[in-house]
Number of protein chains: 4
Amino acid sequence: MLRVAIVGGSGYTGIELLRILKLHPQADVVAVTSRKYAGHPVGEVFPSLHGYDGLLFTEPDVKYLTRSAEWIFTAVPHKAAMSVVPQFLEAGLRVIDLSADFRLRDSRTYETWYQAHAAPEQLDRAVYGLPEIYRKDIAHAQLVANPGCYPTGAILPLAPLLHSGIVSPKGIIADSKSGASGAGRSPSPGTIYCEVNESLKAYKVAEHRHMPEIEQELSVAAGRPVAVTFTPHLVPMTRGILTTIYARLTREVSTGKVLVAIKDFYEDSPFVRVFPEGAFPDVSYVRGSNFCDIGARVDGHTNTLILVSAIDNLVKGASGQAVQNLNIMAGLDESLGLDTVPLYP
Amino acid sequence: MLRVAIVGGSGYTGIELLRILKLHPQADVVAVTSRKYAGHPVGEVFPSLHGYDGLLFTEPDVKYLTRSAEWIFTAVPHKAAMSVVPQFLEAGLRVIDLSADFRLRDSRTYETWYQAHAAPEQLDRAVYGLPEIYRKDIAHAQLVANPGCYPTGAILPLAPLLHSGIVSPKGIIADSKSGASGAGRSPSPGTIYCEVNESLKAYKVAEHRHMPEIEQELSVAAGRPVAVTFTPHLVPMTRGILTTIYARLTREVSTGKVLVAIKDFYEDSPFVRVFPEGAFPDVSYVRGSNFCDIGARVDGHTNTLILVSAIDNLVKGASGQAVQNLNIMAGLDESLGLDTVPLYP
Amino acid sequence: MLRVAIVGGSGYTGIELLRILKLHPQADVVAVTSRKYAGHPVGEVFPSLHGYDGLLFTEPDVKYLTRSAEWIFTAVPHKAAMSVVPQFLEAGLRVIDLSADFRLRDSRTYETWYQAHAAPEQLDRAVYGLPEIYRKDIAHAQLVANPGCYPTGAILPLAPLLHSGIVSPKGIIADSKSGASGAGRSPSPGTIYCEVNESLKAYKVAEHRHMPEIEQELSVAAGRPVAVTFTPHLVPMTRGILTTIYARLTREVSTGKVLVAIKDFYEDSPFVRVFPEGAFPDVSYVRGSNFCDIGARVDGHTNTLILVSAIDNLVKGASGQAVQNLNIMAGLDESLGLDTVPLYP
Amino acid sequence: MLRVAIVGGSGYTGIELLRILKLHPQADVVAVTSRKYAGHPVGEVFPSLHGYDGLLFTEPDVKYLTRSAEWIFTAVPHKAAMSVVPQFLEAGLRVIDLSADFRLRDSRTYETWYQAHAAPEQLDRAVYGLPEIYRKDIAHAQLVANPGCYPTGAILPLAPLLHSGIVSPKGIIADSKSGASGAGRSPSPGTIYCEVNESLKAYKVAEHRHMPEIEQELSVAAGRPVAVTFTPHLVPMTRGILTTIYARLTREVSTGKVLVAIKDFYEDSPFVRVFPEGAFPDVSYVRGSNFCDIGARVDGHTNTLILVSAIDNLVKGASGQAVQNLNIMAGLDESLGLDTVPLYP
């Protein structure tokens, strides 16, 4: 059994890690931290997690954690993550960091979008934890930077097409629509029920921090710099991100061929489901699961390729992907503990 | 492996059976019927069920079903159920019927609330499939009448207290609030999104068909006739029933004692979770799971006991309970395939 | 034109006052306070209120307010209200207080449920602002205590029946279901979108502060002490309270007679709509309006009367009722500025 | 008073016309048709419309309607509209048609996207009812083709910029997100609550019928053919359309200049609100109102202009715009009866 600790267990990604790992046949959560709930049983604080009967939230004590666990999930906000991750690495543990702190390879880009980086030397060692692209590197990584939710939904449909040159690196637009759980569990004026319900808006238009992350990975796929116009929207639902992507085709190509190109690329990736021509994803088809569903259509009259992807932002966009990374790092089947059926309706 | 067939696989309870059984380690769905989708792969019609790759919906052909399966779930509307269930029984199969057709023991009561009964002789043989109460009878039954969603939420909190006489059989009120999935997948003017969203109403006030079912079982628990005032409400959410029950106490008793009485009664029932004093259930704590959560408080100033229960109407209120019955009938651990963690948030 | 000021204009009841008064033909909002937004134009902070072009939020400066306005709405939390209301009264202004501070006539009851009262001498002078009951007293009051949202929905259906003795003062149960706007605009862990959406729970079971307020007014109606079992619930919707009431009949009476009794009582009350037999209210029929809709059914088999009322908690449950009180106090038609059509769907 | 009849009064746009006209100071609804509800009082069928006390739904009898009314709103589906509109025109009435039947000027385009046209000769006479663009023509029109909901949200932000040449006619993308009321009141499998709630999907990708309508009007604005990539999405909310538009700039221009260009263009249009730089629309700011809110940002790093518009699809996207057209046709202030304040929250 893998002895796993979760640092930051009371946010939505932490809770989701607890939910998923509860049924993981090869992993044991030996510790979970929360300053707020330290001393309280997990199942008392979150009745949905009843069943973790012996497990109490603890203070985030690094010594205790390094003694108890071999694997660490850091599910704390960026900035907090980079101050604690190096300590776990130094103690020889393997870490999957769900924050943004180790995703950008260039510390200057990080500093432009976030703040000064406290551990820039780790950026080279960290592996970007998108298993469908970096599976082999992840297997041997000591530190995996779990991707952002929006980047996961934007990169997966585009990477195969940029890689093969079907799609131009110029003029890519990603219009993403996210449920409110992406904003986390901390109350703020904009996330209370009455502000989100029956509401719909774009936010951080052309200035969201996930933009450089998307551009970094699409540039790798294309083999040259890719700039993306990225607009996130907040939608009145709890889970799910739907990303509608508009891209220019480099040559005349049918919808069917585009779908085949994507399907072939992900042949060995159990969590990418490519839809048949004419069918499109819906976030309700992936709820609670680690799937990324992809659909496509060539709009002949404007020569534009329209791609649509759907993920559950808390699963494939965060905690499920993190467990997928754990499996790969530990040499297990990457689907272990993740073969749930989406909760529909 | 148990060879299982589902008759009526394209309604919400049928889909939910497919979802649950997909991960059941001892059951195989060998056939699933749907007139509407006959010939289509399950995973094509419902992309959330991708993975049932070989399984196609078929016409409801009794001969084919009795040859293929040993266990039948009938997930068709009442009236349709009673016309087909006897054929399966005659062929020696064991049946779990999710309709209302075999729940009422008295055919006259059935006929008052539904219509003429086509197989009244089966009413005596059918066992009411509430495992927490009838576990032993279920084990040997050929036909189990899976309880209604509202009755499950109303009976479980009350049965122990009526049984022990803590609560008076007179003056019981059950005020239930249900999500919209209880109304099924067939479109109707009242169930379209814009009519349910931002809406809240009572319906079938004092005339809902689940009332005689609740009364039948509470009368068994009390050992004498119990009449209940029952008001169902439709709430803008997909899953979940919260039932708030008001009952008169026969003697002065503390909240703590009430909770202990319930807890003791369900000591060996893994799916009933009794909340500590001061805490109350929320449907979001049971979403996607087979739990029935129960809380209680004695309102001293009116000498009224307030009980609150929460279930997922599609799981403990329908398909999960049906699988729990299957497990018991087959001599398996009743939790098999049902040990999921609720999807929160 | 009535010169009106709103103290506390950035909470939901304050915003709703601004919305309603914008179209009031006889009232001008001359000042609106908000510490948080002082100096900012109303229409910039709340784009829905675009059109209040000259109006800026100001600091809550009593001197300035008493100079500018003749009528004051205090839409601040309890405790804050009782510290400021006496200053306006002393300056000769007429005040409609939307907080709980002047609703309870007995300062000891207030102190049991809230805290020490800073202006107990005003409790006698304050008139409970339920126009359908206290219209005449309101007309001459200097201070009107605008009723709570739950009390409005519970008192209106019951008052006529307790007054006439059709219903017993014993054993009354009020099971209320409220949308989330009742919890206000201040962010808190329990009111963020993901905690309310797809969630349903009872809260403050048998200990909500609106209980003594309901009991006070029902006791007046009955002419003797009435105790009520009151359970509020939080429902995933923005606006609306549905209250389901269970009461014992003192004699055999038909549903029709009950409805007539209520209808007659409210003959001159334009905002109470009594539904015909067989029809029941829905919060979606009153959204954005000042109506209180009422339906009833006698459950013969348990001799229980079931009443259902629906209001928009921000309108008839708060700001609309406050404007209705303003109209009455100012000698205007009580419907002025309130004759909107509910927003359905 | 304008004597107005509504043909098709029981769909959401018909109900919304009734809601708006109820408070219109210069219009009287003298007849409203509905085959389904003929003979029933409007306020009984739709309790929100209580107050239309004398008004009953009638059969759609053209003779009766032409005798009773001078103004006709046809709120029936396309195809039904074109069979009845010519009869009203012949009788000398003035008609505002809310269907798609008279919006496309080219009957061949109509026949490509819909079906054979029954009254092609009227296409030339019909005026496209977007008052902000065609105000003068509308004033004298006998037949106004009220625009589609998506086109309204896409055309208003783009027209000024195409007209002035700031934006290229090539490469325009409109990504629209609509609430479920756009799908109407007729129940269908895809519009029931459980299918829309917690769901999000694109539909009719690059093949929605509003695409040619958008292109027709953008081509007029640009003075040359414009092709648009248009993707509608269904969002779990009742009212509102948010449209995010991506366009290529023909020259370097600041966000501020773009906003000024739009603002100047709509200087005399009371229902277009242009947001200041850095602020963006939200459908919750326009709920229940006739506003179209517009925001913009130039994404310098890709030289892309991002425009966001928000409307209430039932008001500015349908019935409110229809009443605005009525006002203009009748020589009244175009805001009459439409000066409501959006319902927030």
Side-chain angles (χ1 to χ4, degrees), chain A residues 170-173 175 177-179 192-207 211 215 227-231 233-242 244 246 248 255 278 280-285 287 295-306 308 310 343-345, chain D residues 170-173 175 177-179 192-207 211 215 227-231 233-242 244 246 248 255 278 280-285 287 295-306 308 310 343-345:
Chain A
K170 281 193 189 294
I172 294 174
I173 289 161
D175 186 291
K177 299 94 177 163
S178 175
I192 68 170
Y193 182 80
C194 298
E195 300 295 310
V196 175
N197 186 40
E198 295 297 287
S199 156
L200 179 58
K201 64 174 176 192
Y203 69 100
K204 293 198 180 294
V205 175
E207 58 180 4
M211 191 173 81
E215 291 181 339
V228 170
T229 302
F230 172 58
T231 316
H233 300 76
L234 182 61
V235 174
M237 60 183 191
T238 295
R239 286 170 180 252
I241 289 178
L242 195 85
T244 312
Y246 302 91
R248 302 177 197 170
T255 299
F280 284 91
D282 185 319
V283 297
S284 70
Y285 299 152
R287 184 164 42 240
R297 172 154 189 176
V298 173
D299 180 6
H301 99 299
T302 60
N303 201 36
T304 303
L305 172 64
I306 304 168
V308 181
L343 193 73
Y344 158 85
Chain D
K170 279 193 190 296
I172 294 174
I173 289 160
D175 186 291
K177 299 95 178 161
S178 176
I192 69 170
Y193 183 81
C194 298
E195 299 295 311
V196 175
N197 186 40
E198 295 297 287
S199 157
L200 179 59
K201 65 174 175 192
Y203 69 100
K204 294 198 180 294
V205 175
E207 58 180 5
M211 192 172 80
E215 291 180 340
V228 170
T229 301
F230 173 56
T231 317
H233 299 76
L234 182 60
V235 174
M237 60 183 191
T238 295
R239 285 169 180 252
I241 289 178
L242 194 85
T244 312
Y246 302 91
R248 301 177 197 169
T255 299
F280 284 91
D282 184 319
V283 297
S284 70
Y285 300 152
R287 183 163 45 239
R297 170 153 191 176
V298 173
D299 180 5
H301 99 299
T302 61
N303 201 35
T304 303
L305 172 63
I306 305 168
V308 180
L343 193 72
Y344 159 85

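To find a chain, count down the sequence lines: A is the first, B the second, and so on, and within it residues start at 1.
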Rounded to the nearest 0.5 Å, how far apart are NZ of A/K204 and CZ of D/R297? 10.5 Å
Using non-hydrogen atoms only, which part of D/I306 is less than 4.5 Å away from chain A: side chain, backbone, both, or neither? side chain
Given heavy-atom pairs under 4.5 angstrom as the criterion, report whether the side chain, backbone, both or neither of D/Y344 touches chain A. side chain
Non-hydrogen atoms of chain A under 4.5 Å away: do they reach the side chain of D/A310, the backbone, both or neither? neither
Out of A/T302, A/V283, A/L200, A/N197, return the one with the most heavy atom pairs under 4.5 angstrom to chain D. A/L200
If I take atom OG1 from residue D/T229 and atom NE2 from residue A/H301, how far apart are they, to the nearest 0.5 angstrom? 6.5 Å
Could you give the distance from NZ (A/K177) to CG (D/L242), rounded to the nearest 0.5 Å? 10.0 Å
For residues D/S199 and A/D282, report the shortest heavy-atom separation together with the two atoms involved. OG-OD2, 2.9 Å
Nearest 0.5 angstrom please: A/H233 NE2 to D/T244 OG1, how far? 2.5 Å
When only pairs under 4.5 Å are counted, which of A/T238, A/I172, A/V298 shares the most heavy-atom pairs with chain D? A/T238
Highest number of heavy-atom pairs under 4.5 Å with chain A: which of D/V235, D/T231, D/V308, D/N303? D/T231
Winner by heavy-atom pair count (cut-off under 4.5 Å) against chain D, out of A/L234, A/V205, A/D299: A/V205
Which one, D/G171, D/P281, D/P236, D/C194, leads in non-hydrogen pairs under 4.5 Å with chain A? D/P236
D/V228, part contacting chain A, at a heavy-atom distance under 4.5 Å: backbone
Report yes or no: does D/E198 contribute a side-chain atom to a donor-acceptor pair with the main-chain N or O of A/S284 at less than 3.5 Å? no
Please classify the contact between D/R239 and chain A as side chain, backbone, both or neither, with a heavy-atom cut-off of under 4.5 Å. backbone
Given that the side chain runs from C-beta out, which part of D/T304 has a heavy atom under 4.5 Å from chain A: side chain, backbone, both or neither? side chain
